[in-house]
Each structure stands twice: as C-alpha cells, then as structure tokens.
Colleague: 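Pasting a structure below so you can have a look.
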Amino acid sequence: MSEEQGGPAIGPTLSEWRKARAETERHLAAGATPPVDAVWVQRLADLLATERSWQDQYTELLALGSSGGQFPSSNR
C-alpha cells in the first residue's frame with residue numbers, strides 16, 4: 001500500500017533501518033569500545049529512532065487486515 005492510498009510506506013524506512021544496522025555492525029566490528037565517539041552515539045540514536053518508526057509503520061500495516069483495524073496489544 002502506498003502513502004497516496006493512505007497507508008504506511010515500509011520500503012524506504014526498512015531500507016534506512018537496514019543501512020543503519022549495517023553501519024552499527026561495522027563500527028562494532030572495528031573494535032569500538034567505551035567511551036564511544038559522539039558521531040557513533042548519534043548514529044545509534046538515529047538507528048533506534050528509525051527502528052521505532054519502522055516498527056510503528058509495520059504494526060499499522062499489519063493492523064489493516066485485523067478485526068477493528070487495530071493491532072492487538074501484547075500479552076507481555
């Protein structure tokens with residue numbers, strides 16, 4: 001479903017999420033140890049924000065097919 005149709009667009013967010021994860025993995029593989037530099041901390045913050053956004057959009061997309069149009073709450 002596209003944004004023009006009123007639904008979430010998962011593709012661009014998923015792409016950025018994967019890119020941010022790969023950057024974080026490369027940084028950690030290069031031997032990053034605390035204290036980490038400010039640039040890496042910012043990238044991690046961006047990754048987490050992107051991941052939350054992606055999860056929210058994915059949940060919205062899944063909810064479209066559920067009864068009442070809402071994703072069920074977790075039992076945890």
Colleague: Roughly how far, to the nearest 0.5 Å, is the CG atom of L44 from the CZ atom of R21?
Modeller: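 Atom-to-atom, R21:CZ and L44:CG are 10.5 Å apart.
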
Colleague: For the CD atom of E51 and the CG atom of D56, what is their distance to the nearest 0.5 Å?
Modeller: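 E51 atom CD to D56 atom CG measures 11.0 Å (nearest 0.5 Å).
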
Colleague: Can you tell me which residue among L47, V41, V39 is in a side-chain contact (heavy atoms from CB on, under 4.5 Å) with R43?
Modeller: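 Between R43 and the candidates, side-chain contact (heavy atoms from CB on, under 4.5 Å) is satisfied uniquely by V39.
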
